[in-house]
Each structure stands twice: as structure tokens, then as C-alpha cells.
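Working notes, beginning with the structure itself.
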Amino acid sequence: MTADNDTTENGSIREPVCLITEKNKMEPVFTPQRYKIADERMIPFIDPEEIRTTLSVHAHPTLEQVETVLAKSRRKERLSLDEAAILVNAASPGMTDRIKTVARELKREIYGNRIVLFAPLYIGNRCTNNCLYCGFRSSNTATIRRTLSDEEIVRETRALEDNGHKRLILVYGEHPAYDAEYIAHTVRTVYRVKSGNGEIRRVNINAAPFDIEGFRTIKAAGIGTFQIFQETYDPEIYDRFHLSGAKRNYAYRLTALDRALEAGIDDVGIGALFGLGDWRFELLALLRHVNHLEACYGIGPHTISFPRIKEAQNVDASRFQPLNDTDFIRMIAILRLAVPYTGLILTARESEKIRKEAMEFGVSQIDGGSKIEIGGYARNTSSQEIEREQFRLNDERSLQQIIADLTAKGYIPSFCTACYRKGRTGEHFMEFSVPGFIKRFCTPNGLLTFAEYLCDYAEEPLKKEGWTLIEKELEKLDDSIRTTVAARLEMIRHGQRDLYL
């Protein structure tokens, strides 16, 4: 591929080569012969030169070009690689302000004022990979290795439920002990835990890549999203930071979510670790990954994550290319403009200040009250215990503090999992979300889950402020929905739970 073949003559996005389904007959850039790979499902689809050339071609965009791209974003159309490169290179203060203004408008129009909340649950930190940026790397002998027992998983889950959580992402190191059967077992263990009115309604996964059969085994446990970060899409930088272990195989990791989708997991999440290479390259590579999944499977990723490299035990920070706060927020705004309907996740790696700003311009999901030390929820540990962590957290507010802050700013804290129970995932999610169903369905369901939280877990000041916000938001709903939601809110007040549209 070359930089100018991302769009057709009429300006629509051209589908990239799909080696899986052969939806078009363009000559593939990558071939089995070039990579000496027998299975086409393991052929990389990222062309680094395409991305670098695209960035170079659009190195000096005009204000007219920027406004043309922004007009397309306002129409809620996904941007091409070339269009995204124009925004990436639009670095003047005036252009940056325009990008952020339109991103703010687009985020509000599509997502309303809803913020989805979740928590990570680290199951085990045994790992055979030697990744130079990670506290869990195999060469870090100072790390205390632990895997939660079933009893400990139950205790951790109960502690999370008792704080009000309904959505978890389970995190595992890459180790033979954490095979597909074990992951499926831990998922089922979490789902079985019920504490009072508490329950976990959605379990997402952040784990190593698997073959298709492995992904099928995990899917059968009833997972939500399977999340795999490429870390860096630049093959040369990838080799530099991944010294040994299964993760050193760039191609196998890059194509992991293709195998997940073939296995029937129709909710996937992608991401890159910003700070290993040029952030502009990584941003465009993420969009190329989106483009690839849409071309091959008819759906894009459900979520995109963009963690910045952070302090970790015995990690040499001089190896990194830090992304400053200004460019980080600009990158998030561009990502929101480029993929209007994709969920953007920002974790407690970032400070409270950065997370508040990022929500304004594009972020739609955050974690709350997170503990990333193995077994940290039941013991209520601090992130200062870095010897057992993958990295250091920078936002240590409790879930209740975060919800109180969101409420005070007019956001609707949401624990909604309705789409997964109603089958609005994969291709169906794309069908529902594009016409605006995210706002019409997710706002009412967000209100219902917020009401549950207020009834079961909130202290009185938050309870009062929360119900005031709910009543205010109720008045904004269409007449056809308002009556139904109001009735269900009253049912929640009287003890019913798990009501959704």
C-alpha cells in the first residue's frame, strides 16, 4: 500500500487488503513467502512505510484542509489514514484549538454525558516475557510472583462488589499456567460470586494471544471484550523492547484479534503503549488496525486504549520517548474524531487532572478505585507497594470519590452491561451505535445502573446529589423512553435490580 491509496476517487475509505476473507483482490503488501509464515492468519497487515509516508505527505496541512477533515468528523464519518495524518500534523495553537473544540462537541453528541466505570482485577503476574518497560518482565527477579487461588479470587471479587462494581477486566501475565482453560475457569469463578445486591455482570479479559481453539474456550465462559495491546506497531521498536518470550513474535500478537474474531469473540479491544516510539506513528497504526478489522470482519474494535509508559520496578526510563500532556490530550481528541463510535479507555495510570481533561475531549470509559497489586482489593493496599505491581498508579481515588466527582460535573456514572445481554455486540453493535443508539439506549441504562449504585452503596451526600442528577437527566429523555425509565427507577428504589432496556 502507498499513502495515497487509503481513499477512493470519491473520497470514501478504501478497504485495506483482507488476507482472511479476500474481500478485495488488491495485491497484498505482506505475503506468506515474505514472512515465511504458512498460516495467512499470522501475516502482519501493518506497513510501516505506508504510515511514515502518509505522515510525511501531510507534514504541513493548511487550515482549509483541517476544516475539511473536521467537517467530515462532524458528519460522524470515520476518517481515513490521510485525513487523520492531517490532524496529527496540525500542531499550531489555532488548529489544535479547533480540533479539541470539534472533538468535545462530537463526544457530547454521540455519548451524551455518560462515563462507563470498571475495575481491573489482576489474577496473576507470572510471566515468561522479557519486556523492558514492564515490572512483570521475566528478568525482574525483584518482583514477587503470585497467582490468586480460587478462594482469593472470590474474596477479591466480593470486595469489588461491595464497593459497587459491576464490570471487571481480568489481567494475566503471559505464562503456560494461564492457559485458555484456566482463564475460562477464573471467569466462571468471578461470575458465581454474589454479595448482597452485588454481582459482576461483565468480565472482560486482558491476556496473552491464543490460537482459535483457545479463544473459543475462553468465549464459552461468557466473556465480554478480549483486549490485546500491540504495545508498539513499529516492528523495529517492537524487537528492541521485547527481548524474549512468546511476546517477541510481532506477527502472532498483531493478528491475535483476527483469531479471536474467527473464534466468535465479537467484542475486541486494541491499544498501544505510548512512549516506546513516535506517538504519531502509533496513532495512525491504531487506525490502520481499525481499518483492517472493519475490512475483514465488518466490525471495528469495541474499545481503544492508549496508556502512557509509567514508572515500574527496575525499569530504565531513559529508553523511552515520553509523550507530554499537551500532545497526549491532542492525540485523544484526534482519536475521537477519527473513530466516533469506538469506546476510548483511560486508566488510573494517569492523574486525576489528566483524566478529567481527557473525558472532555473523547474518553468514554475509566476505571475507579483500582488496585493493581495481586490481592490488593481484599487487603486494601496502596499503590506504593510497587514491588508487586506492573506499573505505578497516579489516580488513587476510591470508586465513591470518583463517582462523586463525576456527579458534581454532571456526568452520569454508568455500570451498564445491557448491550451484552441484549445481543448488541459485534456487527449488531455497529448497526445500533451508528444511528445514535449509544446515546438513546446507553443514557437510560446508565441512569438505571447509577440508581442501583446510589441505593446500595452511596453515602448520603452523594445519594442526594445523584438522585437530583437522575431527575434532571430524566427530563431530557424522549417522551417514549422517559415513562419506561421513570417506572424502572421507581422499581429500583423498591428493591428490584438489573433492569435495562
Q. Can you tell if the side chain of Val171 reaches within under 4.5 Å of the side chain of Leu121, non-hydrogen atoms only?
A. no
Q.
To the closest 0.5 Å, what do you measure between OG (Ser305) and CG (Leu344)?
A. 8.5 Å
Q | Pair Arg155 + Glu151: basic N to acidic O under 4.0 Å | A | no
Q.
Strictly below 4.0 Å, N to O, side chains only: are Lys310 and Glu350 in salt-bridge contact?
A. yes
Q | Spatial distance of atom OH (Tyr172) from atom CD1 (Ile123) [nearest 0.5 Å] | A | 5.0 Å
Q. Where the side chain of Arg137 meets the backbone of Cys134, is there a donor-acceptor pair that is under 3.5 Å apart?
A. yes
(Q) Treating Asn125 as the side-chain partner and Ile144 as the backbone partner, does any N or O pair qualify as donor plus acceptor under 3.5 Å? (A) yes
Q.
Quick check for you: to the nearest 0.5 Å, what is the distance between Ser370 atom OG and Glu396 atom CD?
A. 10.0 Å
Q.
Between Ser351 and Ile354 (side chain of the first, backbone of the second, donor and acceptor by atom type, cut-off under 3.5 Å), is there such a pair?
A. yes
Q. Is a salt bridge present between Glu152 and Arg146, judged by a nitrogen-to-oxygen distance below 4.0 Å?
A. yes
Q) Testing Asn394, Ile402, Asp405 for side chain to side chain contact (heavy atoms under 4.5 Å, CB included) with Arg355, which one passes? A) Ile402
Q | side-chain hydrogen bond (donor to acceptor under 3.5 Å, both in side chains) partners of Thr449, counting only residues at least two apart | A | none
**Q.** Lys371/Glu156 salt bridge by N-O under 4.0 Å criterion
**A.** no
Q.
I want to know whether Phe328 and Phe274 have ring centres closer than 6.0 Å.
A. no
Q. Could you give the distance from CG (Leu273) to CD1 (Ile309), rounded to the nearest 0.5 Å?
A. 4.0 Å
Q. Any luck finding a side-chain donor-acceptor pair between His185 and Asp150 under 3.5 Å?
A. yes
**Q.** Arg188 atom CZ: more than 12 heavy-atom contacts under 6.0 Å
**A.** yes
Q | Side-chain (His165) to main-chain (Phe415) donor-acceptor, under 3.5 angstrom | A | no
Q) Distance-only, no hydrogens or angles: does the Lys107 side chain make a donor-acceptor pair with backbone N or O of Met359 under 3.5 Å? A) yes
**Q.** Donor-acceptor contact below 3.5 Å, side chain Asn445 vs main chain Cys416
**A.** no
Q) Are side-chain heavy atoms of Ser138 and Asn129 found at a separation under 4.5 Å? A) no
Q: Compute whether any side-chain donor of one residue and acceptor of the other, for Thr147 and Tyr178, lie under 3.5 angstrom apart.
A: yes
Q) Thinking salt bridges, do Lys353 and Asp325 make one under a 4.0 Å N-O criterion? A) no
Q. Roughly how far, to the nearest 0.5 Å, is the CG atom of Leu81 from the CG atom of Leu283?
A. 9.0 Å
Q. Side chain of Thr225, backbone of Val268: donor and acceptor closer than 3.5 Å?
A. no
Q | Pair Asp498 + Arg201: basic N to acidic O under 4.0 Å | A | yes
Q.
With side-chain contact (heavy atoms from CB on, under 4.5 Å) as the criterion, how do Leu293 and Ile299 come out once you've worked through the C-alpha distance, each side chain's angles and the decisive distance to 0.1 Å?
A. CA-CA 6 Å; Leu293 295 177; Ile299 59 172; 5.9 Å; no
Q: Using the six-membered ring wherever Trp is involved, compare the ring planes of Phe136 and Tyr122 and label them parallel, tilted or perpendicular (cut-offs 30° and 60°).
A: perpendicular
(Q) Do the side chains of Arg216 and Glu213 get close enough for a salt bridge, i.e. N-O under 4.0 angstrom? (A) yes
Q. Any donor-acceptor pair under 3.5 Å linking the side chain of Arg330 with the backbone of Ala333?
A. no
**Q.** His242 side-chain N/O to Tyr238 backbone N/O, donor-acceptor pair under 3.5 Å
**A.** yes
Q.
Closer than 3.5 angstrom, by distance alone: can the side chain of Arg336 be matched with the main-chain N or O of Thr342 as a donor-acceptor pair?
A. yes
(Q) Between the side chains of Glu199 and Lys194, is the shortest nitrogen-to-carboxylate-oxygen separation below 4.0 Å, so that they form an ion pair? (A) yes
Q) Is there a donor-acceptor contact under 3.5 Å linking the side chains of Thr347 and Asp367? A) no
Q) Do Thr143 and Asn140 have side-chain N/O donor and acceptor atoms under 3.5 Å apart? A) yes
Q.
Salt bridge check, Arg379 against Glu373: does any charged N sit closer than 4.0 Å to a carboxylate O?
A. yes
Donor-acceptor contacts under 3.5 Å from residues 228-235 side chains, at least two apart:
from, atom 1, to, atom 2, distance (Å)
Gln230, OE1, Leu254, N, 3.2
Glu231, OE2, Lys247, NZ, 2.8
Thr232, OG1, Asp234, N, 3.2
Thr232, OG1, Glu282, OE2, 2.5
Tyr233, OH, His289, ND1, 2.8
Asp234, OD1, Glu236, N, 3.0
Asp234, OD1, Ile237, N, 3.4
Asp234, OD2, Arg52, NH2, 2.5

Q: Supply the atom-to-atom distance Leu284 CG to Ile51 CD1, rounded to the nearest 0.5 angstrom.
A: 6.0 Å
